[in-house]
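Worksheet: one structure, shown below.
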Amino acid sequence: MKAILVQDDRSLVWADVPDPVTGAEDCLVKIEAAALNRADLMQREGDYPPPPGCPEWMGLEIAGTIVEVGPEAAVKSNWKVGDKVCALLGGGGYAEYANVKYDMLMPVPKNCTMVEAAAIPEAFATAYLNLFMEGGLKPGNTLLMNAGASGLASVVIPMAKAFGARVITTVLSDEIAASIAHLKADVVVNTRKTDIVEVLKKELADGHGVDVAIDCLGGDVMGKCIHFLTHGARWIMIAALAGVKTEIDLKNIYVRNVRIIGSTLRSRTPAVKAQILAELVEKVWPKVESGEVKPTIYKVLPITEAEAAHDILYRGENVGKVVLTVG
């Protein structure tokens, strides 16, 4: 089969690799679409190696059709050849086929295309993990989701709204604010015009301060914002694209009982990932199928144009997910 490999000069090539051998607990999936994540860029640059046992090529989320079911997978699950599935991978999605352990598969939600389904597993699992398992989000809570135009925000915002939360998000221009209007965040802050710290200060004074924050930016502004949260709030760090250092008033943290939580999906055990996916299918799939929560697709390219797809993420131009089609 073929897969996207990273050359010594970091360029990408669609090249021959060995065919996967289906394990006893695996299902072999013929991949139809694979979505991009920032982790793919980090892996390409040598900063985010795949977990042991995963293929060397990138790709964390796919959609496709089961073409083979391992003997133990057949006993332990209801999967069968021909099922349309989407899957969360440790790596290896930029390819024609992927071996997937049976409990890392989810059915394609009704009314979703295969491109949309490929954009679901990593982003939806990350959103669910941080909103509910780490953040403990409840109806009526206020969420701060930084970087409102990111692929993750395109899932986090509607998911939080569908479960009864109020959402504040940040963008870098009025044009970007208009482009994410369909996500229906309650407050959209153009941080080039308005100081987010002042916004959070006013929100707190008005009685609806932030209960949960999901932050992929970090940097100086994180330390300034964290002083204006509700008592017992959770600030969840998932990346630090704006800087790895900040200054925090520690007294404010313990007086307000604020928790700072570091979180990545990749570091979770397979059992925890399987639990997240099972809860997604049970609790979130009905909202996907009703149209309350849907992935936002920015651009679709053939997998042979993976480098051009990566460039979209490097430039930061996408509002929503970039997806590669296979075959």
Side-chain angles (χ1 to χ4, degrees), residues 126-181 183-264 316 319:
T126 299
Y128 187 87
L129 165 67
N130 292 305
L131 284 174
F132 302 108
M133 298 175 79
E134 294 289 9
L137 190 77
K138 300 287 192 295
N141 280 175
T142 294
L143 169 77
L144 171 64
M145 176 70 218
N146 279 325
S150 66
L152 180 60
S154 73
V155 174
V156 166
I157 294 170
M159 189 181 292
K161 294 286 292 178
F163 284 90
R166 182 170 174 276
V167 179
I168 302 168
T169 193
T170 62
V171 295
L172 292 175
S173 72
D174 291 341
E175 291 75 20
I176 295 173
S179 74
I180 66 165
L183 301 178
K184 298 183 179 176
D186 298 275
V187 180
V188 180
V189 180
N190 176 354
T191 55
R192 286 189 173 148
K193 282 185 172 180
T194 306
D195 186 349
I196 183 62
V197 177
E198 294 303 316
V199 173
L200 297 185
K201 194 184 298 186
K202 184 176 186 304
E203 293 283 328
L204 184 62
D206 289 346
H208 37 244
V210 169
D211 302 285
V212 180
I214 297 179
D215 186 9
C216 59
L217 300 177
D220 289 342
V221 73
M222 181 267 188
K224 295 173 183 175
C225 287
I226 203 169
H227 300 149
F228 301 103
L229 310 179
T230 58
H231 189 273
R234 287 77 67 198
W235 189 286
I236 302 166
M237 293 299 310
I238 62 172
L241 300 175
V244 297
K245 294 183 179 179
T246 196
E247 185 174 315
I248 294 173
D249 176 355
L250 293 177
K251 183 177 179 181
N252 182 283
I253 296 297
Y254 64 75
V255 167
R256 284 193 172 277
N257 229 5
V258 170
R259 283 174 282 160
I260 301 172
I261 300 165
S263 177
T264 63
V319 177

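Small disclaimer: the values here were computed from a predicted structure and weren't measured.
Not counting sequence neighbours, the partners of Arg256 by the side-chain contact (heavy atoms from CB on, under 4.5 Å) test are Leu204, Asn252, Val258. The side-chain contact (heavy atoms from CB on, under 4.5 Å) test applied to Ala160 returns Leu131, Leu137, Leu143, Ala165, Val167, not counting sequence neighbours.
In plain terms, the two heavy atoms of Val197 and Cys225 that are nearest each other are CG2-SG, 4.0 Å. Summarising the geometry of Arg259 relative to Gly232, their closest heavy-atom pair is NH2-O, 4.0 Å, with the distance given to 0.1 Å. Contact record, Thr246 with Gly223: OG1-N, 3.0 Å, taken as the closest heavy-atom pair. Smallest separation of non-hydrogen atoms from Ser179 and Ile176: OG-O, 2.7 Å. Counting all heavy atoms, side chain and backbone alike, Gly218 lies closest to Met237 at CA-CE, 3.8 Å. Considering every non-hydrogen atom in both Gly136 and Asn141, the closest pair reads O-OD1, 4.0 Å.
Between atom NE2 of residue His208 and atom OG1 of residue Thr230 there is a gap of 12.0 Å, rounded to the nearest 0.5 Å. For the atom pair Ile248 CD1 and Ile253 CD1, the distance stands at 5.5 Å (nearest 0.5 Å). Rounding to the nearest 0.5 Å places CG of Leu152 at 7.5 Å from CG of Asn130. Atom CE of residue Met222 and atom CH2 of residue Trp235 lie 6.0 Å apart, to the nearest 0.5 angstrom. Put simply, OG1 on Thr169 and CE on Met145 are 6.5 Å apart, with the number rounded to the nearest 0.5 Å. Taken to the nearest 0.5 Å, the CD1 atom of Ile261 stands 12.5 Å off from the CD1 atom of Ile238.
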_For Lys193 and Asp174: C-alpha separation, side-chain torsions, deciding distance, then whether side chain to side chain contact (heavy atoms under 4.5 Å, CB included) applies._
CA-CA 9 Å; Lys193 282 185 172 180; Asp174 291 341; 2.5 Å; yes
*Applying salt bridge (charged side-chain N to carboxylate O under 4.0 Å, His left out), run through Lys138 and Asp211 and close with a yes or a no.*
CA-CA 9 Å; Lys138 300 287 192 295; Asp211 302 285; over 6 Å; no
*What's the verdict on side chain to side chain contact (heavy atoms under 4.5 Å, CB included) for Val187 and Arg166, showing C-alpha distance, side-chain angles and the deciding distance?*
CA-CA 9 Å; Val187 180; Arg166 182 170 174 276; 3.7 Å; yes
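In terms of modelled atom types and a separation under 3.5 Å, the side chain of Arg234 and the main chain of Gly135 share a donor-acceptor contact. At distances below 3.5 Å, not a single donor-acceptor pair connects side-chain atoms of Asp186 with backbone N or O atoms of Ile168. In this structure a side-chain-to-backbone donor-acceptor pair under 3.5 Å is missing from Thr170 to Asn146.
A salt bridge does not link Lys224 to Asp220: none of the charged side-chain nitrogens sits closer than 4.0 Å to a carboxylate oxygen. Contact check on Asp195 versus Lys201 returns no salt bridge, with no Lys/Arg side-chain nitrogen under 4.0 Å from an Asp/Glu carboxylate oxygen.
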